[in-house]
Amino acid sequence: MLCLFNMLILSSGIKISERVREAITTPYDDDNNINLCRSVRRELRSALASLLGDNNGILAIPLVPGPPPKLQEDGTALEAYRARAFSLLAIAGVSGVCQVSIPLGLHENLPVVVSLLAKHGADRFLLNIVESLNLLAVRSS
């Protein structure tokens, strides 16, 4: 594990290595933290289940919150972007809903991607929607 950690430090920026070090050294036996995480997951899953409904609900969200920060951007702006990005990127992973990301093309030479989310267990439904959207796109081109 230490060898992998050292490789990550050498091959990544300092902010990434700090996050990896924190993840590796965080104690996972803290019942309060675990219970809090489980509570957040239950609340998020419940809210999304209510939003998506019992049948055929789909939530469309952007994959990321906007254009990426510039290479020379200051650390505060990078961390703010990262936090906004993870608020979108972690929805499915935390709540257990289905998610698929669909590239739509370019805007001002940057990729535009939309994520579609459906209720927990609706994987086949969501994939059928993606297949239907693909057929529509092929027919219209």
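Numbers here are sequence positions counted from 1. As the structure is a computational prediction, the values presented were derived from the model and not from experiment.
Minimum interatomic distance between I129 and L116 (heavy atoms only, all atoms of both residues): CG2-CD1, 4.4 Å. In plain terms, the two heavy atoms of G57 and F125 that are nearest each other are O-CE2, 4.1 Å. Heavy atoms only, all atoms of each residue included: Y81 and P67 are closest at CE1-O, 3.3 Å. Nearest approach of L52 to A118, heavy atoms of both residues: CD1-C, 3.5 Å.
For the pair I91/L117, a side-chain contact is recorded, criterion being any heavy-atom separation below 4.5 Å from C-beta on. Counting heavy atoms from C-beta on, the side chains of P65 and L88 come closer than 4.5 Å.
Note that OG of S46 is 11.0 Å distant from CG of L51, once rounded to the nearest 0.5 Å. In this structure, CG in L59 is found 6.0 Å from CD1 in I61, a value given to the nearest 0.5 Å.
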Problem set entry | Step-by-step side-chain contact (heavy atoms from CB on, under 4.5 Å) determination, V112 to L106 | CA-CA 6 Å; V112 176; L106 296 174; over 6 Å; no
For this session: List the steps, then state whether side-chain contact (heavy atoms from CB on, under 4.5 Å) holds for R82 with E79.
Result: CA-CA 5 Å; R82 181 181 155 274; E79 285 303 312; 3.2 Å; yes
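Grouping the Ile, Leu, Val, Met, Phe, Trp and Tyr side chains by contacts below 4.5 angstrom, directly or via other members, places L127 apart from V97. If you chain together hydrophobic residues whose side chains sit under 4.5 Å apart, F86 and V64 never meet in one group. By the rule that hydrophobic residues join a cluster once side-chain heavy atoms approach within less than 4.5 Å of another member, V113 and L89 end up as members of one cluster.
With hydrogens and angles disregarded, a donor-acceptor distance shorter than 3.5 Å links the side chain of S87 to the backbone of R84.
A search for side chain to side chain contact (heavy atoms under 4.5 Å, CB included) contacts involving N128 returns R124, E131, not counting sequence neighbours. Partners of S95 under the side-chain hydrogen bond (donor to acceptor under 3.5 Å, both in side chains) rule, at least two apart in sequence or in another chain, do not exist in this structure. Residues satisfying the side-chain hydrogen bond (donor to acceptor under 3.5 Å, both in side chains) test with S50, not counting sequence neighbours, are none.
Residue pairs that meet the side-chain hydrogen bond (donor to acceptor under 3.5 Å, both in side chains) test with at least one member in residues 102-113, sequence neighbours left out, do not exist here. Residue pairs satisfying the side-chain hydrogen bond (donor to acceptor under 3.5 Å, both in side chains) criterion with at least one member in residues 58-78, sequence neighbours excluded, are absent.
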For residues 98-105, run the donor-acceptor check on the side chains, cut-off 3.5 Å, and write out each pair with its distance to 0.1 Å, sequence neighbours left out.
residue: Q99; atom: NE2; partner: S115; partner atom: OG; Å: 3.0
residue: S101; atom: OG; partner: S115; partner atom: OG; Å: 2.9

